[in-house]
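Down below is the structure, laid out as C-alpha cells.
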Amino acid sequence: MSHFDLIVVGAGIIGAACADAATAAGLRVAIVEPGPIGGGSTAAAMGHLVAMDDDPVELALSRYSLQLWEAFADLAEAEFSRCGTLWVARNPQEIGAIDTRIARLAAAGIEARAVDADELYRLEPLLAPGMAGGLRVPGDAVVYPPRVALHLVKRACAHGATLHHGRRVLTLGDGAVTLDDGSRLVGPVLVATGCALPQLLPELPMRSRKGHLVITDRYPGLLHHQVLELGYADSAHGDADSSVAFNVQPRPTGQILIGSSREFGDGDSAVSPPMVQRMLQRAFTFMPGLRDLQALRTWTGFRPTPIDGRPYLGAVPGYRDVWAAAGHEGLGVTTALGSARLLIDLLRGDTPAIDPAPFAPSRVTT
Amino acid sequence: MTERYDVLVVGAGPAGLAAAQAAASHGRRVGVIDAQARPGGQVWRHDIAKPPTRAAQAAIAAIDHVELLAGHTVIASEGHTLRTESAHGAHDLEYSALILATGARELLLPFPGWTLPGVTGAGGLQALVKQGWPITGKRVIVAGSGPLLLAAADSLRTHGAQLLGIHEQAPARTMAAFTAQLWRWPERAMQALGLRARLASVPYRFGSHVRAAFGRETLEAVEIVGPHGVQRVACDHLAVGYGLVPDTGLARLLGCALQDGAVHPGVRVDSFGRTSVTHVFAAGEACGIGGLAVARIEGAIAGHAAAGDDASATALLRRRTRARRFSGLLARSFALVPHLHALATPQTTVCRCEDVPLGALDDFSDTRAARLASRCGMGACQGRICGSALAELGRFMPAGSGRPPLFPARLDSLAASAGDLSVTADC
C-alpha cells in the first residue's frame with residue numbers, strides 16, 4: 001500500500017497538467033495511465049489555443065489558461081506557433097456580431113480587432129471571393145498536444161511523481177484506488193479520464209462527441225492563421241446531432257489540418273466517408289483552393305462532453321477525497337493548464353484565481 | 001455515378017491478370033484497377049528497351065474482355081465500393097466480389113547514408129530505368145538479398161549501366177544449398193541460369209552487404225562487408241533491397257485479417273483465396289511472397305472462386321501447393337543475417353518523411369506512443385517504408401492506420417459524394 005497526496009487517474013492533457021501542477025505545488029503524486037500518454041482525445045485534438053467568447057464562464061477559464069500557456073511558447077516539445085485566429089464573416093449580418101465579440105474578449109483582457117474585406121484577403125488570400133470581413137485574435141496559437149502531455153508527465157516525474165504506466169484503475173473508493181495488478185494506492189484521487197469518466201464515476205454524465213480531421217501534405221506559406229467561420233460556435237456549442245464547420249490550421253511543418261465535425265453517436269471510431277465529405281465541402285465553401293491539395297491522413301477523436309458543455313472541476317459529491325477534472329469538449333487543450341491550477345487550488349484549500357462554482361461536479365448530482 | 005462490376009480486381013500484375021482472365025471466362029463483368037498506365041505490375045513492367053516476354057504478352061492479351069482501369073489509385077472504401085483517383089478525378093467502383101492482387105513492396109533497411117540521393121531500392125531503380133531514366137555508363141552496385149537482385153541487375157545492364165558488383169547477404173553455403181534444390185522447379189532453374197549467363201561478367205558475391213554509404217551531396221562511395229573484410233567502392237548508384245514484403249495496405253483498409261505471427265504478414269486466405277471479409281479475395285504476393293508462378297495460379301483460383309466456379313478453382317489447388325513450396329525455399333534461403341539489423345545507428349534516419357532518427361524511438365515500447373511523440377510513419381508514405389523496416393528490426397509492427405486515404409489523394413477526391421462522380425468509361 002502506497003500513500004500519496006494526489007493520485008491522478010488518466011494522463012491525457014488534463015491529467016498530465018494536473019500532475020504537473022500538483023508536483024510543482026510540492027505534492028507527492030501518482031499517475032495511473034493504461035495507454036500511451038496523451039493517447040486519447042489529446043492525440044486526436046487540433047491543439048488550437050483559442051479564446052472562445054460565447055460562454056463567459058469558459059472564457060474566464062480560457063483566459064486564465066492562455067496566460068499560463070505563455071510559459072510554453074519557447075518549449076520545443078510544445079511546437080508552439082503563434083499563428084493567431086482569423087474568424088471569417090460571410091455577410092453583413094455576421095459582421096454585425098463582431099463588435100460584441102471584440103468587447104467581450106476585451107473585457108476578458110484579450111486583444112482582438114475587426115478586419116475589413118481587403119485586409120482579410122491580404123491576410124489569407126486563399127479565402128473564397130465574397131467574404132465580408134473578419135475578426136483577428138493575434139495572441140491565439142497552436143501546439144502539438146500529445147507531446148505537451150508527455151512533457152508534462154516527464155516533468156511531474158522529474159519532480160517526484162510516480163508513473164503507473166500500463167496500469168488500469170479497477171476500483172475507486174474514498175481516497176483510494178486499486179489497480180489491475182492488485183496494488184492499492186491511498187490518497188486523494190483525481191479522475192481525469194475524459195470520455196471514460198463514467199466508468200469510474202457513473203454519476204457524472206458524459207457523452208462522446210466524435211470529430212473528424214484531415215491533414216494534408218506540406219504547403220509552407222499557404223496558410224498563415226488558424227481560420228474559422230464566425231458561425232463556428234453554433235456548431236461547437238450547439239446541441240445538433242451532427243454538424244460541420246470550417247476550421248483550418250497551419251501546422252509549423254506547412255501541413256494544413258482541416259476540421260471540423262461534431263456528432264453524437266455510438267462510439268465507433270471509424271472514419272465516416274460521408275462526414276469527411278460534408279466537412280471538406282464546408283471547407284471548400286470558404287477556401288476552394290484547398291480542393292487541389294493532397295490529403296495524407298484522416299482520423300477521428302472523441303470530445304468528452306457533459307450535458308451543459310462545461311467541464312467538471314472539483315470534488316465529487318458522495319465521496320471523500322475523490323475529485324474530477326474532465327469533460328472539456330473541444331477546449332481541453334486550451335483550458336488544460338488553467339483547469340489544473342484551479343483544481344489543485346481547490347484541493348489545497350486555496351482560493352482559485354477564477355470562480356470555480358460553475359465547474360463544480362455537484363451541479364449535476366444534486 | 002457509380003460503375004458496377006461483378007468482379008473487381010485490384011492490381012494488374014501476374015496475379016491480377018490471371019484473376020481477371022479466370023473471372024471473365026465465366027461471362028462476368030470484370031474490371032482491373034492499376035495505378036500504372038500499363039498492365040503488367042512490377043514483374044512485367046513495360047520496358048522501353050525491350051519487348052515484353054511471351055508470358056507477359058499472353059497474360060495481357062488474355063484480358064481483352066476485361067475493362068482495364070489504368071492509372072487508377074485506390075484511395076478509400078465504403079461498403080462494396082472502392083473510390084479511386086485518376087488523372088480525370090475521383091471514381092466510385094462497386095463490386096459484387098473483389099480480388100486483391102496488390103503484390104509486394106521492396107523491403108528497405110536503414111543504414112548510415114541510405115537517404116543520400118543515388119541510393120534507391122533495387123526494384124525501385126529497375127522500375128526507373130525501364131521507364132527510361134538515364135543510367136548509361138553510371139557505376140552501379142546492386143546489393144541486398146533475393147532473386148530480385150539478379151533481375152534488377154539484368155535490367156540495369158540492358159540499359160547500359162556499368163555494374164560493379166552484386167552483393168547478396170545470404171552466405172555462400174546457403175546459396176549453394178539453394179542452387180542444389182533448384183532442379184525441382186525447372187522453369188525457375190532456367191530463369192536463374194539465363195540471368196547468370198547474361199550477368200557472367202558481373203561479380204556476384206555471397207555473404208556480402210553494404211554497411212554504409214558516403215557522399216557530400218549525392219552518393220560517392222559505399223562500404224561493403226564481405227567474407228574477406230571491408231572494402232570501400234566508389235560508385236554513382238547503389239540499388240539495395242532486402243527482398244519483398246506483402247502489400248497489405250488495401251486489405252487492412254477493408255478490415256481483412258492478416259496472418260498471425262509473421263514479421264511481414266500477408267493477407268490471411270483459405271485455399272480459394274477468400275479473406276476474412278465476405279466477397280473479398282486475395283491472391284499472389286499479397287498473401288505471402290511466392291513469386292510469379294504462385295501469383296498466376298492463385299490469381300486464377302481466386303478469379304474462378306469469385307465468379308462462383310469452385311470446381312475450376314479446385315482443379316488448380318495441387319499446382320498451387322507445389323508452387324508455394326518454392327516460396328518456402330526462397331524464404332529459408334534468403335533469410336536475413338542478424339547483423340543487418342544492427343546497421344542503423346541511433347542517428348540514422350528511419351522515417352524519411354518526418355526525419356525521425358532511429359534513436360528517437362528508443363524510449364518507447366508501444367508503437368502508438370512512439371508515433372505520437374516522434375511522428376514516425378505519419379508522413380506522406382504513411383509508414384509504408386519505415387513500418388516494414390521497423391518490423392524487420394523487431395521494433396514495431398508495421399504502421400498504417402487502415403484509414404483513408406490509402407495513398408495521398410486530392411482533397412477534392414475525398415470530398416466528392418458518390419452521386420457527384422463522373423462515369424469512368426472514358427478513362
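Naming convention: chains lettered A, B, ... in sequence-line order (proteins, then strands); numbering from 1 in each chain.
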Side chain proximity check, B:Arg410 to A:Leu293, heavy atoms < 4.5 angstrom: no

Pairwise side-chain contact, B:Glu78 with A:Ser272, heavy-atom cut-off 4.5 Å (strictly under): no

Closest contact, heavy atoms only, [X] versus [Y]:
X: B:Arg375; Y: A:Glu79; answer: NH2-OE1, 2.7 Å
X: B:Pro408; Y: A:Leu296; answer: CG-CD2, 3.8 Å
X: A:Arg291; Y: B:Asp412; answer: NH1-OD1, 2.5 Å
X: A:Leu280; Y: B:Ala415; answer: CB-CB, 3.6 Å
X: B:Leu411; Y: A:Ala295; answer: CD2-CB, 3.7 Å
X: A:Ala43; Y: B:Arg368; answer: CB-NH2, 3.6 Å

Per-residue contacts, residues 98-105 of chain B versus chain A, heavy atoms under 4.5 Å: none

Region of A:Leu150 in contact with chain B, defined by heavy-atom distances below 4.5 Å: side chain

Contacting region of A:Ile258 [heavy-atom separation from chain B under 4.5 Å]: side chain

Option that, when pairs with chain B are counted at under 4.5 Å, heavy atom only, ranks first among A:Val276, A:Ile37, A:Leu290, A:Val214: A:Leu290

Among the listed options A:Ala283, A:Gly35, A:Pro36, the residue most often paired with chain B at heavy-atom distances under 4.5 Å: A:Pro36

With a 3.5 Å cut-off and sequence neighbours excluded, list the donor-acceptor pairs that the side chains of residues 350-361 of chain B form with protein atoms.
{"unit_1": "B:Arg352", "atom_1": "NH2", "unit_2": "B:Thr115", "atom_2": "O", "d": "3.4"}
{"unit_1": "B:Glu354", "atom_1": "OE1", "unit_2": "A:Arg218", "atom_2": "NH2", "d": "3.2"}

CD-OG distance between A:Gln294 and B:Ser413, expressed to the nearest 0.5 angstrom: 8.0 Å

Approximate separation, where rounding is to 0.5 Å, of B:Ser417 OG and A:Arg278 CZ: 12.5 Å

B:Arg403 side chain to A:Val271 backbone, donor-acceptor under 3.5 Å: no

Part of B:Ala373 within contact of chain A (heavy atom distance under 4.5 Å): both

